[in-house]
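Remarks on the structure that follows.
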Amino acid sequence: MINLINISKSYGENHAVRSFDLTIETAETTVLIGPSGCGKSTILRTIIGLISPDTGKVNIEGEALSTANLVSLRQKMGYVIQEGGLFPNLSAEGNVFLMARYLGWDKDRIEERIDELCELTKFPKDALNRYPIQISGGQRQRLSLMRALMLDPNILLLDEPLGALDPLIRSELQQDLKEIFSTLGKTVVMVTHDMGEAAFFGDKIVLIKDGQIIQEGNISDLIKTPSNPFVTTFINAQRNHLEIIGDI
Amino acid sequence: MNLLKIPLIFLIIICVSCTFSDDSEKEIKVGSKKFTESVILGEIISQLAASEGAEVEYRKDLGGTRVLWNGLLNGDIDIYPEYTGTITQEILSNKNITDQSNLPEELAQYGIAISQPLGFNNTYAIGMKRENAAKLGIKTISDLKNYPELKFGFGNEFMNRGDGWPSLKSAYNLPQQNVTGLDHDLAYRGLESGHIDAIDLYSTDADISYYNLKVLKDDKKHFEDYFAVLLYRKDLEKKNPQALGTILKLEQSIPEQKMVEMNAASKIDGLSDSVIASNYLKETLLINTNPVKETFLSRLYRNTLQHLFLVVISLSAAIIVSIPLGILAYKNQKVGHLVLGIVGVIQTLPSLALLVFMIPFFGIGAVPAIVALFLYSLLPIVRGTYTGLKDISRDIQESAEALGLTPFAMLRLIEIPIASRSILSGIKTSAVINVGTATLGALIGAGGYGQPILTGIRLDNVGLILEGAIPAAVMALLVQGLFDLSERILVPKGLRLKENN
């Protein structure tokens, strides 16, 4: 469980997040959604300690995030970003086992874990010794996921993980990701601006605007009992054109 | 290979090279300025001292009076030839000494002794090409007043010294505006090519007859006497009285005509300084000495070793210091601006000035040259490190942070490897600049490829200039090649690949 308590963060005059409270349930997938600049990424980056909030605190499984336990808590979380954030100086495999080797895992244990992860994420084993620059965008995201999962963290944070992919690869990866989440049963927090993706993944959807939560709940709550006209506007704006044609 | 091991490797290189360096204290250290007469006199002194069995170190072609005087004061030089006028006008100019007979007393305050004059007066004079002077009807310095359009080229020392251009101008009321300061040896060439109409001369210069010059009469007796003397440290009297006694046999032994002949033997006949010195001692003082005969290859070998020594030590030290400075600059913006500002300012100092600044602190020879080259090599490496780290994308940095790496581990495993190309290119730039700048080290007695260049300029000998310039260029190219090669080992493969999709 992750608790965000009274989080505020501003950059000069710009209030990115205002008195933000949120509880993220264990083993559920929570999707943070909202228009660009609404503060959803700020929230995710606050959870992993890349941003320190002006006020409020973050509890990770009951432990308050602080500079003292930052490094150890980060090792219990996996973090995947849009372009993968892969290290260009390391091979695919090097990216994945970096932390394990840093923490002193032995070779066999590392190899075993990489085999498992290749299978799970459908990353081709023969591409393991390639470098990030040599592999495709979809594979990079699979690799980034492998890296995030290497230490088998309880929590997985994903910041628009599919945002930079073309539609075919994106839809294939969506399927695979959903399968992975349900296999692993991890606490997942995903940031997206795509309502379809949010509906597809989210056990809970948190709609954010101007640094504050507008509504949280599952997709049918949001559609059937919107707390605010903005909820409907946001959902309708994202309805697929094909779907609208189909309705006629 | 881990890039962090590089500083360690260079530290080892420094230690090893230091053990190979020749730091044994020679018994008598002789110096000379970088003009022929001074070099020949220094050679004579060296051979005389050696004839008494003393071990002699001769540093010739040093760049200017200040370098020698400071060297004498701090013991890097025991003895060198000087001129009385230079002592009153330049070395002790703040004391306004009007009577040269007071010099022994004044110099004694610094622990320095002065010999009797060697026998000739090498005063300043103004010279023009003979045909040009005849055409304009110029015979005396006063005559110059009527030709304000004439172009003057004076030695850099002459431009500033007490009895130099400023006072000459006012003493004779000279109107010329077009006055350039340049190297004395180059001034002769400017005169020959017609770019300059009049230059300052030393009255014993062989060039006066070589270039067929008219020496203008100093009709107002402006220039002081420049009797050649020897300046030496008082402690030499205790250290090696026998050698000093023999050296002082030179007092009153070199008439003006003899000095002009020796200058001409070097400049016009191309005899080596040591042969000229040896011949002189044999004829006049009946002392047999062995002139040093060095082959081209042994000279090249010695110069190469000295040059490499300067470059390797200074560059290694610069690498060890600059990479951490670059990291510091990247980690802390405020410190970063300060560090980059300071090393940037150092870089803008003219290299010659930086070399001379080092003398009061480190004396003369290899040490001040290495310190100056070290300071000079900082900026490219600091900047290379700083830029390389700063250019790493935020995505990559945050990904590394989010994994739970400590800041040091991030630096070691991710940031430095990614910045390695930029760091290496900074080192490469430094190395190439360093090899070139090290040629100036000869001006403060550090030797290296600058030595034949200086001698070559002095003797108007292109062959000698090339003997320094070509190996220096080759060394720069080799250094560049070496670093290009090392890129393949040190820059991670993933950064050297091209995108293939």
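Chain identifiers are assigned alphabetically (A, B, ...) following the order of the sequence lines, protein sequences preceding nucleic acid strands; residue numbering begins at 1 within each chain.
A/R74 places a side-chain N or O within donor-acceptor distance of the main-chain N or O of B/E401, the cut-off being under 3.5 Å. A/N89 places a side-chain N or O within donor-acceptor distance of the main-chain N or O of B/L413, the cut-off being under 3.5 Å.
B/L403 pairs with exactly one of A/F87, A/Y79, A/Y102 by the side chain to side chain contact (heavy atoms under 4.5 Å, CB included) rule, that one being A/F87.
Within a 6.0 Å radius of NZ in B/K331, other residues, nucleotides and ligands contribute more than 12 heavy atoms. No more than 12 heavy atoms of other residues, nucleotides or ligands lie within 6.0 Å of NZ in A/K57, so this atom counts as exposed by the packing criterion. Annotation: B/R383, atom CZ; neighbour count of heavy atoms from other residues, nucleotides and ligands within 6.0 Å does not exceed 12. A 6.0 Å sphere centred on CE of B/M410 holds more than 12 heavy atoms belonging to other residues, nucleotides or ligands. No more than 12 heavy atoms of other residues, nucleotides or ligands sit less than 6.0 Å from atom CZ of A/R101. Annotation: B/F357, atom CZ; neighbour count of heavy atoms from other residues, nucleotides and ligands within 6.0 Å does not exceed 12. Within 6.0 Å of CZ on B/F361 lie no more than 12 heavy atoms contributed by other residues, nucleotides or ligands. Around CD of A/E172, the count of heavy atoms belonging to other residues, nucleotides or ligands within 6.0 Å exceeds 12.
Annotation: the span from B/K493 atom NZ to A/I133 atom CD1 amounts to 12.0 Å, rounded to 0.5 Å. Taken to the nearest 0.5 Å, the CG atom of A/L70 stands 11.5 Å off from the OG1 atom of B/T406. Expressed to the nearest 0.5 Å, how far CZ of B/R496 lies from OH of A/Y131 amounts to 8.0 Å.
Here the shortest heavy-atom pairing between B/I396 and A/P88 reads CD1-CD, 3.5 Å. When all heavy atoms are compared, the tightest approach of B/S399 to A/G84 is OG-O, 4.3 Å. Across every non-hydrogen atom of B/A402 and A/I48, the tightest pair is O-CD1, 3.7 Å.
Heavy-atom distances place the backbone of A/L86, and not its side chain, under 4.5 Å from chain B. For chain B, the nearby part of A/L98 is the side chain; its heavy atoms alone come within less than 4.5 Å.
Ranked by non-hydrogen atom pairs under 4.5 Å with chain B, the options A/Q75, A/M150, A/M99 are led by A/M99. Considering only heavy-atom pairs separated by less than 4.5 Å from chain B, the leading option among A/L90, A/V80, A/V71 is A/V71.
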Trace of the side chain to side chain contact (heavy atoms under 4.5 Å, CB included) decision for A/E83 with B/S393: CA-CA 11 Å; A/E83 302 274 4; B/S393 75; over 6 Å; no
